[in-house]
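Each remark here refers to the structure printed beneath this line.
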Amino acid sequence: MRATDILRELLQSALAAQDIAWPAKTTIEPPRDKTHGDLATNVAMMAAKAAKKPPRELAEALRQSLASDPRLAAVSVAGPGFLNVAFTPGFWQETVLEVGRAGEAYGRCAIGQGVRVQVEYVSANPTGPLHIGHGRGAAVGDSLARVLRAAGYSVETEYYINDAGRQMRILGQSILYRCRELLGETVAEPEDYYRGDYIKDLAKELIDQHGRTLLTMPQDEATDICRLHGEREILAGIKKDLTDFRVGHEVWFPESTLLAAGAVDAAFADLREKNLAYDKDGAFWFASTTFGDDKDRVLVKSGGELTYFASDIAYHADKFRRGFDVVVDIWGADHHGYVPRMKACVAALGRDPEASLKVILVQLVNLLKGGEQIAMSTRAGKFETLADVVAEVGADAARFMFLSRKSDSHLDFDLDAVTQKSMDNPVYYVQYAHARVKSLFAKAAERGLTVPEATTDLLARLDTGEDLELLRLLEQYPDTVANAARSFSPHLVSFYLRDLAARLHRYYTVNPVLTAGDEATTAARLRLLEAVAQVVRNGLDLLGVCAPDAM
RNA sequence: GCGCCCGUAGCUCAGUUGGAUAGAGCAUCUGCCUUCUAAGCAGACGGCCACAGGUUCGAAUCCUGUCGGGCGCACCA
């Protein structure tokens, strides 16, 4: 961050001296090949036209104007006009001081500028326990919220409870069916009902409370009792499962409150007024094709019932009414066909759908055990619940696994691998890096070592190749956080952490710390590793994973 | 049939939004523990970036087409 900023400023003023504007597509980044230096930029190629000079000639002029800066060790022109820049070791050593000063704030930035973002995630219907697929959405949403906060966004997290509509009615019917069965009645299985064991448990609880009156009261009333009890208990279970997974939503938003407040009717009226909705074939339609959807969508079915989409429109209107600038919806990837109509909805609300609505699709998880895939279906009651998985592998391993892939790619979650304490299980690799540093400090204390604070002079001892590799990586952490926030990709943080951990483990093997030979070198190395531990902690925190002191 | 996503090492995946000679981990093979945690490190092997065109100084990345896989295409959620 510091390095790219410094270089950009130097280049900008050099170009400005020649009346050349900063080309928009300029990149400044670490070159793939380390022998090219610390940073490479294509600025001369991008600005060549404006400068009316060949790229290499412009690059040479820029090189000369940079060469005098004391922070730069070398500047060279290469290839078609790349400018390769190396900073001095002293510059990199300062990074330890930077990390020390910022502490747990190291890596935060202000690119969010306080923009208000809402992240809505999980939002599973309260018709059954969360399964492992929900767990992935939970990990991605929670981590994304943390990343966005670190990048200076003002974030609020929310769970939308679909507590109105058909699925909940089926839940009530499913429970009532089990009640009857348990009370000795022979009844036909309802269609499309939920058959998991938890339904039977709920039925037993209701029988304890109400006994046979469930059979004698009007059926609608009995179904309602079942539905309400089921919803309350299942939702409580979901909250507990999420808490155990270290995921906490700030707002729990029930769909029913939208209906109660007349928000759906208000949304309809608004659409009608804008001429974006109409009656046809006894149904009420949203003209989503106006905004590029394939076809118009029904909001009120000809039978008078609302579609899900109807309350989704009201819900999103409500989100924007609450003042959010950007709304993030995290969905299962199988809902991707829903995106165009949701974008149309946002457009109809008078917002720019690209800027105001980010839909993050989370691919399904293949759960593997003993090399076999475990099939899942909520309705059939066959699934590995999130709670089971967390109990088996722990929240840390599960979260890290969920965040170790781009969210929209398939994920094989191998229960055997995740329980192994090996490289099949990267979470241990990263956590071990933290524990190793902590263990060194514990050892140092044991030996009665006093470790002087880091100073420029002391840090000058950090001059091996491994020192500089680590320092450069530490300096890249803020960029990683910024990139993760910009691209809504928390997995970038876990990739960075794996790199940093690898670098640390190598360092540990190659450079003795406590037995370095002289106290100053030992102290300098400890201060460096302390900074590494700080960054590992900060990064793991963005993933919601613990950084243990010992393993 | 139409739309979206995907195709990179034997396997699982990155690839900083168009940059220089393509990157990790696992697996396989070879080394490294009388010394700070071997839950580790080093090295080797491994590639027509699905295929064919195009755009330009430059393409795994952008465009078109083909093949292959996944998912959508409801007055279900």
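- Per the geometry, CG belonging to A:Leu299 stands 12 Å off P belonging to B:A77, to the nearest Å.
- Ranking B:C41, B:A20, B:A77 by closeness to the A:His335 side chain, first place goes to B:A77.
- Using a 4.0 Å heavy-atom cutoff across all strands shown, A:Asp296 reaches no nucleic acid atom at all.
- A:His505 does not qualify as a stacking partner of the B:A39 base, lacking a centre-to-centre distance under 5.5 Å together with planes within 30°.
- If you find the closest nucleotide of RNA chain B to A:Val513 and to A:Asp334, the one lying nearer the 5' end belongs to A:Val513.
- When the C1' atom is compared between B:A24 and B:C49, the two are found 15 Å apart, to the nearest whole Å.
- What separates CZ of A:Phe309 from C1' of B:A77 is a distance of 14 Å, to the nearest Å.
- A donor-acceptor contact under 3.5 angstrom links the side-chain atoms of A:His336 to the base of B:G3.
- Shown for residues 276-284 of chain A: residues whose heavy atoms fall under 4.0 angstrom of RNA chain B, namely A:Asp281, A:Ala283.
- The pair A:Arg461-A:Glu519 does not count as a salt bridge, with every side-chain nitrogen at least 4.0 angstrom from each carboxylate oxygen.
- Rounded to whole angstrom, the span from the CZ atom of A:Arg527 across to the C1' atom of B:C36 amounts to 17 Å.
- A:Ala444 comes within 4.0 angstrom of no nucleic acid atom, judged by non-hydrogen atoms across all strands.
- Between the side chains of A:Asn483 and A:Thr480, no donor-acceptor pair is found at a separation under 3.5 Å.
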Base-pair map of RNA chain B as dot-bracket, where | denotes pairing with a different strand and pairs are Watson-Crick or G-U under 3.5 Å: (((((.(..((((.....[...)))).(((((.......))))).....(((((..]....)))))).)))))....
Nucleotides 13-19 of chain B: protein proximity per nucleotide (B base, S sugar-phosphate only, - neither; heavy atom, under 4.0 Å): SSSBB-B
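- Whole-Å rounding puts the A:Arg506 CZ to B:C32 C1' distance at 13 Å.
- A salt bridge links A:Glu354 with A:Lys343: the distance from a Lys NZ or Arg NE/NH1/NH2 to an Asp or Glu carboxylate oxygen falls below 4.0 Å.
- The distance between atom CZ of A:Arg498 and atom P of B:G25, rounded to the nearest whole Å, is 10 Å.
- Base orientation for B:C33: syn, the chi torsion being within 90° of 0.
- In this structure a side-chain-to-backbone donor-acceptor pair under 3.5 Å is present from A:Thr290 to A:Ala287.
- Nucleotides B:A27 and B:C11, compared at atom C1', are 7 Å apart to the nearest Å.
- Between the side chain of A:Thr307 and the base of B:C75, no donor-acceptor pair of N or O atoms lies under 3.5 Å.
- What separates CG of A:Asp549 from P of B:A39 is a distance of 18 Å, to the nearest Å.
- Syn is the conformation of B:U17, whose glycosidic angle sits no further than 90° from 0.
- The side chain of A:Arg436 contributes an N or O atom lying less than 4.0 Å from OP1 or OP2 of B:A38.
- Under the 3.5 Å distance criterion, the side-chain polar atoms of A:Glu475 are matched with a main-chain donor or acceptor of A:Ala3.
- With B:A74, B:C41, B:A77 as the choices, the nucleotide that has an atom nearest any side-chain atom of A:Lys295 turns out to be B:A74.
- A:Asn511 comes within 4.0 angstrom of a nucleotide base, judged by non-hydrogen atoms across all strands.
- Judged by distance alone, with hydrogens and angles left aside, the side-chain atoms of A:Asn84 form no donor-acceptor pair with the main-chain N or O of A:Ala40 at under 3.5 Å.
- Going from the C1' atom of B:G7 to that of B:G68 covers 8 Å, rounded to whole Å.
- Within the 4.0 angstrom heavy-atom criterion, no nucleotide atom of any strand lies near A:Ala48.
- Atoms CH2 (A:Trp331) and C1' (B:C4) sit 13 Å apart, rounded to a whole Å.
- With no hydrogens or angles considered, a side-chain donor-acceptor pair links A:Gln431 and A:Asp396 at under 3.5 Å.
- Side-chain contact check for A:Arg498 and A:Ser404: no donor-acceptor pair (N or O, by modelled atom type) lies under 3.5 Å.
- Remark: the separation of the C1' atoms in B:U28 and B:C67 is 32 Å, to the nearest Å.
- Each of A:Ala78 and A:Trp285 was assigned the nucleotide of RNA chain B with the nearest heavy atom; the assignment lying further toward the 5' end belongs to A:Ala78.
- Separating the C1' atom of B:G15 from that of B:G23 is a span of 7 Å, rounded to the nearest Å.
- With both ends at atom C1', the span from B:G65 to B:U12 equals 30 Å, rounded to whole Å.
- In this structure, A:Arg136 forms no cation-pi arrangement with A:Phe402, as its terminal cationic atom is not both closer than 6.0 Å to the ring centre and no more than 45° off the ring axis.
- Judged as a side chain to side chain donor-acceptor pair (under 3.5 Å), and not counting sequence neighbours, the contacts of A:Asp467 are A:Thr464, A:Tyr507.
- Nucleotides B:A20 and B:A59 place their C1' atoms 13 Å apart, quoted to the nearest Å.
- Atom CZ in A:Arg169 sits roughly 13 Å away from atom C1' in B:A77 (whole-Å rounding).
- Under 3.5 Å, the side chains of A:Tyr194 and A:Gln167 contain a donor-acceptor pair of N or O atoms.
- Taking A:His335 as the reference, nothing meets the ring-ring contact (aromatic ring centres under 6.0 Å, His included) condition, with sequence neighbours excluded.
- There is a side-chain donor-acceptor pair under 3.5 Å between A:Asp329 and A:His316.
- Look at A:Arg297 and you won't find any side-chain N or O under 4.0 angstrom from OP1 or OP2 of B:C75.
- Every residue meeting the ring-ring contact (aromatic ring centres under 6.0 Å, His included) condition with A:His491, not counting sequence neighbours, appears here in chain and number order: A:Phe495.
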